[in-house]
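Let me begin by presenting the structure, written as structure tokens, before commenting on it.
On a predicted model such as this, the values are computed, not experimentally measured, just so you know. Sequence lines set the chain letters: A, B, ... in the order given, protein chains first and strands last, and positions in each chain run from 1.
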2 protein chains.
Amino acid sequence: MSKRLKDETSEEKILEAARRVFLQKGMAGARMQEIADEAGINKALLHYYFRNKELLFDRIFTQAAAKLFPKVVTILDADLPLFEKIEGFISSYIDVMSENPYLPLFVLNEVHRDPEGFYKRISGELKLPRPEKFLMQIDQEVKLGNIRPVSPLQLFMNILSGTVFPFIAKPLFQMHIGVDEFQFRQFMLQRKTEFARFVIDALRK
Amino acid sequence: MSKRLKDETSEEKILEAARRVFLQKGMAGARMQEIADEAGINKALLHYYFRNKELLFDRIFTQAAAKLFPKVVTILDADLPLFEKIEGFISSYIDVMSENPYLPLFVLNEVHRDPEGFYKRISGELKLPRPEKFLMQIDQEVKLGNIRPVSPLQLFMNILSGTVFPFIAKPLFQMHIGVDEFQFRQFMLQRKTEFARFVIDALRK
DNA sequence: GTCTATAATTTGATAGAC
DNA sequence: GTCTATCAAATTATAGAC
């Protein structure tokens, strides 16, 4: 049993349903009726608990952003050798998104829809981890001659891209290359080590 | 003058407006009223020319997919050495998306919303370029011992990720790192060479 | 707290004059 | 072809009984 199914409160059922629907359809595409149906209650109760669609969406979005951002990204602030840090970041982040595959596209869409609104909303609730320390560490390693010369920001983008993008492109990838759900999981599992090795190979001289 | 502004036909004005609105807001978030306003005409005329929202969206989407997919990706089918092909792909693709920054997120959202619907729709209009030849070429180079051993599909994903993802993450990147429009352009310009070098460094032994 | 019924608003689509 | 006015459907939100 993932969670007691029957003795959940209505509020919990609504939040779970809202999460499913909003993450798949976004704010504009989601319907309050569908959320109510998914939760097994009726529309009126949605408004009873959350007043309106926007407030409900905010709850879900903040929670999604909290799951996507701080947890894993703080690895970058840890006190670890660069290569270990890269390996740890890629592996943990792929784990997080494997369990929540809709997360990245959902959050990035919202940022795109309203960038500063996004920033205000979450800066109150949670502090986005800053990459400065990681960038400085890269810079150091370059200066020490331990790795090939790279722009820290470009390297950071390389790592982030290779980790997040596969989940965004997943449906296209599945459709076009012809892989099913299981094969995609295998692909991402393999990727945890193979992409890390790729990055490190590019840096090592 | 980018294009004669006054003597455009209404149909052209509508298509341009629809492109702007749909690319930014998606199918669900776009409003016919907003498209009409952007085009400087009224709603009735939208329906006169395109019958309904879905048909108008289809026009825009097919056109967007046609711009995103085939042109540049066919480089991968060319008869070129692997490294030149990688350099060419990255550089040209970044060019395409620099001119159409909303393209990737827009198309990937639609694929996500309705994967097989997407495939049916465009397979009639345009043939998606297949990556098999490119994958086999990578496999060959590995077998010949010219590059480090890599899974062709993983390498393909690495290249695609590093090229496309920055445009999807652009608003977040700008907001969080604090770069403006000009700096982002510089970053992507630098990326054309630096990311290609990164990939090649990872492959060369 | 939870429901049914209904109001209010938004939005896509059409009728009909010019 | 283009407009104004209007309709019809979808969707959010509320009133009020239990």
Inset, instruction - Using whole Å, report how far CD of B:Glu8 lies from P of D:dG1. - result: 16 Å
Legend entry - Nearest-0.5 Å distance that lies between atom CZ in B:Phe61 and atom CD in B:Glu110: 5.0 Å
Legend entry - Atom NZ of A:Lys192: over 12 foreign heavy atoms under 6.0 Å: yes
Inset, instruction - Give me the residues of residues 46-59 of chain B where at least one heavy atom lies under 4.0 Å from an atom of DNA chain D, by number, or none. - result: B:Tyr48, B:Tyr49
Legend entry - Distance, rounded to the nearest Å, where B:Glu12 contributes CD and D:dG1 contributes C1': 15 Å
Legend entry - B:Asp201 and A:Arg204 ion-paired at < 4.0 Å: no
Legend entry - Between B:Gln63 and B:Arg19, a side-chain donor and acceptor under 3.5 Å: yes
Inset, instruction - May I have the distance from A:Gln33 (atom CD) to C:dT10 (atom P), rounded to whole angstrom? - result: 20 Å
Legend entry - d(CE, A:Met32; P, D:dT12) in whole Å: 7 Å
Legend entry - Rounded distance (Å) that lies between atom C1' of D:dC3 and atom NZ of B:Lys13: 13 Å
Legend entry - Pair A:Lys170 + A:Glu181: basic N to acidic O under 4.0 Å: yes
Legend entry - Rounded interatomic separation in angstrom, taking CD1 from B:Ile14 and C1' from C:dA13: 14 Å
Inset, instruction - Determine the contact category for B:Ala28: base if any of its heavy atoms lies under 4.0 Å from a base atom, sugar-phosphate if only primed atoms, P, OP1 or OP2 are that close, otherwise nothing. - result: nothing
Legend entry - Salt bridge present between B:Arg148 and B:Glu141 (N-O < 4.0 angstrom): no
Legend entry - Check: A:Tyr93 ring centroid to A:Phe89 ring centroid under 6.0 Å: yes
Legend entry - Candidate list A:Arg191, A:Arg197, A:Glu194, test side chain to side chain donor-acceptor pair (under 3.5 Å), partner B:Gln154, passing option: A:Arg191
Legend entry - Sorted by number, the residues of residues 36-44 of chain A with heavy-atom contact under 4.0 Å to DNA chain D: A:Lys43, A:Ala44
Legend entry - Rounded distance in Å - CG (B:Leu45) to C1' (D:dG1): 7 Å
Legend entry - A:Glu38/A:Arg31 ion pair, N-O < 4.0 Å: no
